[in-house]
Structure formats: C-alpha cells, structure tokens
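We count residues from 1, following the sequence as given.
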Amino acid sequence: PSRAPGVRAPSQSRERLRGAKGWYILVNLTMPRAHGAGGLGAIAAGKHIYGEKPLGVSFADGKALITAAKKKGVRVGSAPAKASTAPATS
C-alpha cells in the first residue's frame with residue numbers, strides 16, 4: 001500500500017488492475033522487458049500509461065503500444081522526454 005496521502009497502490013494482479021475502478025493512468029516503472037505487456041494490459045482496460053524509457057524492448061513493442069493507445073483513445077507518455085533536440089541558447 002502507498003504511504004503518500006491520497007495515493008492508492010492497487011493490487012499487483014493484472015486481472016484486478018484491469019477491472020479496478022477509480023484510476024485512470026498506469027505509471028509503469030517495471031523492468032524494460034515488462035513495459036510492453038504492462039502497458040498493453042492497461043491500454044486494453046482503457047487506462048492512460050506513463051513510463052520510463054524505453055516504451056518496449058524493440059521498435060515493434062513501442063509501436064504496438066502507440067497503435068493500441070490510438071485505437072483505444074488513451075495517451076502514452078514516457079520519461080525522460082525532450083521538447084526539442086536543439087541545443088539551448090542564451
């Protein structure tokens with residue numbers, strides 16, 4: 001269980017997470033090899049996902065997440081993210 005006020009940590013069971021009410025986003029901080037499966041499960045349940053890089057262990061895994069999210073109408077975010085690749089100037 002979470003110790004932060006107002007934050008609940010749901011069960012680790014994927015089946016229970018998919019059917020759980022009252023949460024809208026999965027913050028996925030698992031090992032990289034689990035990013036794809038965990039993200040796809042959350043997307044299938046209609047949840048947004050936010051995780052650390054990489055989205056998946058292959059380009060195909062990452063693309064599958066994006067494709068599934070578009071079909072389900074949810075968003076995918078990842079950290080770290082850059083707004084621009086241009087060097088900062090003063």
Side-chain angles (χ1 to χ4, degrees):
S2 173
R3 293 188 179 137
V7 176
R8 295 179 304 138
S11 164
Q12 296 299 317
S13 164
R14 286 185 187 171
E15 293 75 26
R16 290 188 68 184
L17 282 175
R18 287 182 186 142
K21 304 288 185 211
W23 66 283
Y24 307 97
I25 185 168
L26 172 74
V27 178
N28 191 349
L29 302 176
T30 59
M31 298 296 295
R33 67 178 178 267
H35 289 181
L40 286 173
I43 290 168
K47 311 300 183 184
H48 305 285
I49 61 170
Y50 185 84
E52 57 191 350
K53 67 177 188 170
L55 287 179
V57 292
S58 69
F59 179 80
D61 286 347
K63 187 173 181 179
L65 285 171
I66 299 302
T67 300
K70 285 181 180 179
K71 287 181 182 176
K72 199 69 173 175
V74 297
R75 295 183 179 209
V76 173
S78 182
K82 293 182 180 181
S84 172
T85 56
T89 58
S90 333

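Other residues sharing a hydrophobic cluster with F59 under the 4.5 Å side-chain heavy-atom criterion for ILVMFWY residues do not exist; the residue is a singleton. Its side chain within the 4.5 Å cluster rule, L29 clusters with V27 among the Ile, Leu, Val, Met, Phe, Trp and Tyr residues.
Shortest non-hydrogen contact noted between V74 and K47 is CG2-O, 3.6 Å. Across every non-hydrogen atom of Y50 and A79, the tightest pair is OH-CB, 3.1 Å. For D61 against G56, the heavy-atom pair with the smallest separation is CB-CA, 3.7 Å. Closest of all the heavy-atom pairs between A69 and V76 is CB-CG2, 3.5 Å.
Rounded to the nearest 0.5 angstrom, L55 CG and K63 NZ are separated by 13.5 Å.
The hydrophobic cluster containing I66 also contains I49, counting ILVMFWY residues as joined when their side-chain heavy atoms lie under 4.5 angstrom apart, directly or transitively.
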Name the atoms and distances for all side-chain donor-acceptor pairs under 3.5 Å in residues 30-42, with sequence neighbours left out.
unit_1	atom_1	unit_2	atom_2	d
T30	OG1	N28	OD1	2.6
H35	ND1	P54	O	2.5
H35	NE2	T30	O	2.8

